Amino acid sequence: MLQLSFIRENKELTIKGLKKKLFKNPEQIIEDLLAIDSKRRETQSLLDGTLAKANAISKEVGNLMKAGKKEEAEAIKLETLELKGKSKDLMNSLAEYETKMTELLYQIPNLPHESVPEGRTPEDNEVVFESERAKKLPEMSADALPQWELIKKYDIIDFDLGIKIAGAGFPVYKGKGARLQRALVNFFLDEASKAGYTEMQPPIVVNEASGYGTGQLPDKEGQMYFIQADGLYLIPTAEVPITNLYRDVILKADELPIKNVGFTPCFRREAGSWGAHVRGLNRLHQFDKVEIVQITKAEDSYNTHKIMCDYVASLLEKLELPFRILRLCGGDISFGAALCYDFEVYSAAQKRWLEVSSVSNFETFQTNRLKLRYKDESGKMQLLHTLNGSALALPRILAALLENNQTADGINLPKAIWEYTGFEKI
RNA sequence: GGAGAGGUGCCUGAGUGGUUAAAGGAGCAGUUUGCUAAACUGUCACCGGGUAACUGGUGCAUGGGUUCGAAUCCCAUCCUCUCCGCCA
């Protein structure tokens, strides 16, 4: 969430940013917030004074008791009665103000970076890069099959079996399909290691505090699977556990930047977002993803964002997939991100661009909730910046590989993963 | 799941109702020094007030309670460890 002190000092800037993010009526919420904030601070001062008095009396009582002056002690005990009542009232209203402020702060999204374009829908996103392969898109013959036909033809993924044992959106990968998926995961992890990321295998369930830490809660409550009996959420992305490893942590400057990579299955209820156009691998309730996460000093984060984007691009080049990079507009960018670049690969038979990665800079939005900080050179506590990106999400990569590389006698896999698959063709 | 022990700052760790988050260590900063080391000094976090020096408050797993006063006593919850049971 945004820092209260920032909002206090940059009211107009905040409102302007919220407008870009299409936040409804930002003036109102900021006014409310600041009004409560000033009441809160006033109350805090009153409470502090009252408690200071009470503390002084307690001390005095202690001294008198020690000195054996019981009557005098009893006499001043009475003075505390009024103070007690007063401080209790003040504490209650203080708690009330704090609850209200937190509620409001949780509703406010991150402010967009200045480079984020104005816009409302995905059409307003800005194409900032097209790969060489994207500039001359592959032409498929008229009988080219979309991924959902190819997986049947080669019997590598079975949706009906998944429906039988779990439900729609939980596919079963079979044979070469399973092997290809595992190969891609290993390929992505190895590449990340080479790029200096430390591999992490986190739990794939998290507690409520972690959900709040990275911003899935309370914003996206209904999108996560929830295990009632234990109060745990199935993770929608490895970002959640891996970033939360650093909740309530004060890092040392020489530990930065933190670079972690993790492979996990990801679970998304996708409540309300299923439509007729969503077929096969395009949208699933469970899918595999390799995620890279970085934690940097504030002044480094935008450079890091670029480096992470270049890294993701390098993966797509190695997989020989045509791709483009979009800078998401204010209306399309996610709640917590200040800047987000989406990577889309072209899936030639569907003739569609499929999102396979988002690389985002959250600035201090997550670290403020996480209380993830470091001490700078002058000894001051500073919030760090968090970034993450998919590198990569598996199903749509699979879809594009299948579609783009289909031939009359099989699907030719890119050279980069042969050593991982053990076969060159499906 | 059963029984027991425990949860204090970056770490170790004292503290069973009365100034204080003891004391030691690490790290960092400053002083001293030709350099390094050593020594000395400072240094927990959060919320307020103040231009600032400084200052008030809060925090001993979490939430309540008792008391003039709680790390300390009471209740509930969470977590960790040991043994037993179960188990990949």
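Please read these numbers as outputs of a predicted model, since none were measured by experiment. Quick note on labels: first sequence line is chain A, next is B, and so on, each numbered from 1.
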For the [atom1] atoms, the ones on [N] and on [M], what distance do you get once it is rounded to whole angstrom?
N: B/rU62; M: B/rG56; atom1: P; value: 24 Å
N: B/rA45; M: B/rC10; atom1: C1'; value: 12 Å
N: B/rG48; M: B/rA29; atom1: P; value: 29 Å
N: B/rG6; M: B/rA70; atom1: P; value: 24 Å
N: B/rC75; M: B/rA22; atom1: C1'; value: 30 Å
N: B/rG24; M: B/rA14; atom1: C1'; value: 11 Å
N: B/rA53; M: B/rU72; atom1: C1'; value: 37 Å
N: B/rU51; M: B/rU36; atom1: C1'; value: 41 Å

Please state whether the rings of [X] and [Y] are parallel, tilted or perpendicular, taking 30° and 60° as the class boundaries.
X: A/Phe343; Y: A/Phe323; value: parallel
X: A/His285; Y: A/Phe170; value: tilted
X: A/Tyr197; Y: A/Tyr311; value: tilted

Closest nucleotide among [options] to the [X] side chain:
X: A/Ser45; options: B/rG48, B/rG18, B/rG27; value: B/rG48
X: A/Gln44; options: B/rG56, B/rG18, B/rC46; value: B/rG56
X: A/Val61; options: B/rC46, B/rG48, B/rC68; value: B/rC68
X: A/Lys375; options: B/rG65, B/rC44, B/rC68; value: B/rC44
X: A/Lys84; options: B/rG69, B/rU19, B/rG18; value: B/rG69
X: A/Ala52; options: B/rC68, B/rG27, B/rG57; value: B/rG57

>> Check A/Lys194 with A/Glu191, please: is the shortest side-chain N to carboxylate O separation under 4.0 Å?
In response: yes
How close or far is atom [atom2] of [N] from atom [atom1] of [X], stated in whole angstroms?
X: A/Lys252; N: B/rC10; atom1: NZ; atom2: P; result: 11 Å
X: A/Met381; N: B/rC44; atom1: CE; atom2: C1'; result: 8 Å
X: A/Asp254; N: B/rA26; atom1: CG; atom2: P; result: 17 Å
X: A/Arg40; N: B/rG57; atom1: CZ; atom2: P; result: 18 Å
X: A/Lys371; N: B/rC10; atom1: NZ; atom2: C1'; result: 18 Å
X: A/Lys88; N: B/rC68; atom1: NZ; atom2: P; result: 13 Å
X: A/Ile250; N: B/rG27; atom1: CD1; atom2: C1'; result: 13 Å
X: A/Tyr97; N: B/rC47; atom1: OH; atom2: P; result: 19 Å

> Where does RNA chain B pair, written as one dot-bracket string 5' to 3', with Watson-Crick or G-U pairs under 3.5 Å, ( ) inside the strand, [ ] for crossing pairs and | for another strand?
Replying inline: ((((((((.[[[..)..(....]]].(((((.......)))))((((((....)))))).[[[[[..)....]]]]])))))))....
>> Reading RNA chain B from 5' onward, which residue's closest nucleotide shows up sooner: A/Gly62 or A/Leu47?
In response: A/Gly62
>> Nearest heavy atom decides the nucleotide; on that basis, is A/Gly49 or A/Asn63 closer to the 5' end of RNA chain B?
In response: A/Asn63
>> Could you walk me through whether A/Arg120 and A/Leu22 satisfy the side-chain contact (heavy atoms from CB on, under 4.5 Å) test, starting with their C-alpha distance in whole Å, then the side-chain angles of each, then the deciding distance to 0.1 Å, before giving a yes or no?
In response: CA-CA 8 Å; A/Arg120 186 162 289 277; A/Leu22 308 182; 3.9 Å; yes
Using only side-chain N and O atoms of [X], determine if any of them is under 4.0 Å from OP1 or OP2 of [N].
X: A/Arg41; N: B/rC47; value: no
X: A/Asn55; N: B/rG57; value: yes
X: A/Arg373; N: B/rA45; value: no

>> Restricting to salt bridge (Lys or Arg N to Asp or Glu O under 4.0 Å), what partner residues turn up for A/Arg41, sequence neighbours left out?
In response: A/Asp37
> When you look at A/Arg373 and A/Gln382, which way does the side-chain contact (heavy atoms from CB on, under 4.5 Å) test go after all the steps?
Replying inline: CA-CA 5 Å; A/Arg373 296 159 292 171; A/Gln382 302 284 355; over 6 Å; no
>> Counting the atoms with a prime plus P, OP1 and OP2 as sugar-phosphate, which does A/Leu51 contact under 4.0 Å by heavy atoms, base, sugar-phosphate, or nothing?
In response: sugar-phosphate
>> With a 3.5 Å cut-off and heavy atoms only, can you find an N or O donor on one side and an acceptor on the other between the side chain of A/Asp48 and the base of B/rG56?
In response: yes
>> Can you confirm whether A/Glu96 sits close enough to A/Asn92 that some side-chain heavy atom of one is under 4.5 Å from a side-chain heavy atom of the other?
In response: no
>> Aromatic contact between A/His385 and A/Tyr302, with the criterion being ring centroids under 6.0 Å apart: yes or no?
In response: no
